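Letters go in sequence order (proteins before strands), and every chain restarts at 1. Worth saying up front: this structure is predicted, and the values here are computed from it rather than measured.
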Amino acid sequence: AQTVTQSQPEMSVQEAETVTLSCTYDTSESNYYLFWYKQPPSRQMILVIRQEAYKQQNATENRFSVNFQKAAKSFSLKISDSQLGDTAMYFCAFMKGTYKYIFGTGTRLKVLA
Amino acid sequence: GAVVSQHPSWVICKSGTSVKIECRSLDFQATTMFWYRQFPKQSLMLMATSNEGSKATYEQGVEKDKFLINHASLTLSTLTVTSAHPEDSSFYICSADRADTQYFGPGTRLTVL
């Protein structure tokens with residue numbers, strides 16, 4: 001069975017600095033999707049970035065980028081130029097086939113002024 | 001694009017009553033929707049997968065007679081919590097699948113007195 005591990009329960013970063021959130025997963029599949037979602041205090045889940053496993057190129061969305069290491073089964077999220085609005089819970093998710101997500105336990109990120 | 005709404009955003013009810021929560025995909029059609037439950041400071045727990053025109057698939061341990069799911073159209077899925085009890089108090093979140101990505105509603109806070 002697939003599992004997703006986020007080993008950093010909490011992190012903090014100074015405004016304008018860069019932070020990296022880690023995510024590892026376990027699967028025997030070769031084709032799948034990986035996601036990062038952000039859940040701010042409003043509790044609305046917001047898609048941050050999406051990666052298709054067959055694509056070698058790392059996905060980027062403005063200040064957000066991933067380091068996808070398929071062989072190592074690692075999918076870290078880098079946030080550049082951190083902003084106060086980035087303060088949130090961040091969830092890593094894995095999806096294969098039936099559209100069901102396997103979520104990690106989340107990393108609480110606090111951006112400090 | 002890919003907006004999902006939920007109604008109501010919060011509801012308080014008496015023990016023993018039933019509560020219906022609606023999940024709508026506003027700008028796309030969704031054959032598959034999902035219902036989650038989230039406890040404070042925890043990850044999302046998948047309750048069931050809702051497929052338009054067919055019976056929902058419930059996760060292990062979720063009582064299907066207590067949490068009734070109906071997905072009668074490509075833009076609407078409903079979750080009815082029947083004979084609610086205080087232990088059903090929680091934050092319920094729906095999502096809709098679009099192009100192998102889930103888009104989430106803003107959630108419903110249910111409090112059962």
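A heavy-atom distance below 4.5 Å is found between the side chains of B:Met33 and B:Ser25. Contact annotation: the side chain of A:Lys78 never approaches that of A:Ser76 to less than 4.5 Å [non-hydrogen atoms, C-beta and beyond]. Looking at B:Leu68 and B:Leu79, their side chains never come closer than 4.5 Å, going by heavy atoms from C-beta outward.
If you tally non-hydrogen atom pairs under 4.5 Å between each of B:Phe34, B:Phe91, B:Tyr103 and chain A, the highest count goes to B:Phe91. Counting heavy-atom pairs closer than 4.5 Å to chain A, the top residue among B:Leu44, B:Leu46, B:Thr49, B:Thr32 is B:Leu44. Of the listed residues (B:Gly107, B:Gly105, B:Ser43), the greatest number of heavy-atom pairs within a distance under 4.5 Å of chain A belongs to B:Ser43.
Contact annotation for A:Glu52: neither backbone nor side-chain heavy atoms come within less than 4.5 Å of a heavy atom of chain B. Residue B:Asp97 touches chain A through its side chain alone, counting heavy-atom pairs closer than 4.5 Å. Of the atoms belonging to A:Met45, heavy atoms from both backbone and side chain fall under 4.5 Å from chain B. Proximity to chain B involves both the backbone and the side chain of A:Arg43, based on heavy atoms less than 4.5 angstrom apart. Residue contact with chain A, scored on non-hydrogen atoms closer than 4.5 Å, involves the backbone of B:Gln42 exclusively. Residue B:Gln6 does not touch chain A at all, counting heavy-atom pairs closer than 4.5 Å.
Taking a cutoff of 4.0 Å between a charged side-chain nitrogen and a carboxylate oxygen, B:Glu59 and A:Lys100 qualify as a salt bridge. A salt bridge does not link B:Lys20 to B:Glu22: none of the charged nitrogens lies less than 4.0 Å from a carboxylate oxygen.
Put simply, the residue from A:Tyr37, A:Phe94, A:Phe91 that forms a ring pair (Phe, Tyr, Trp, His ring centres under 6.0 Å) with A:Tyr101 is A:Tyr37. The ring pair (Phe, Tyr, Trp, His ring centres under 6.0 Å) test with A:Tyr25 singles out one residue from A:Tyr32, A:Phe75, A:Tyr33, and that residue is A:Tyr32.
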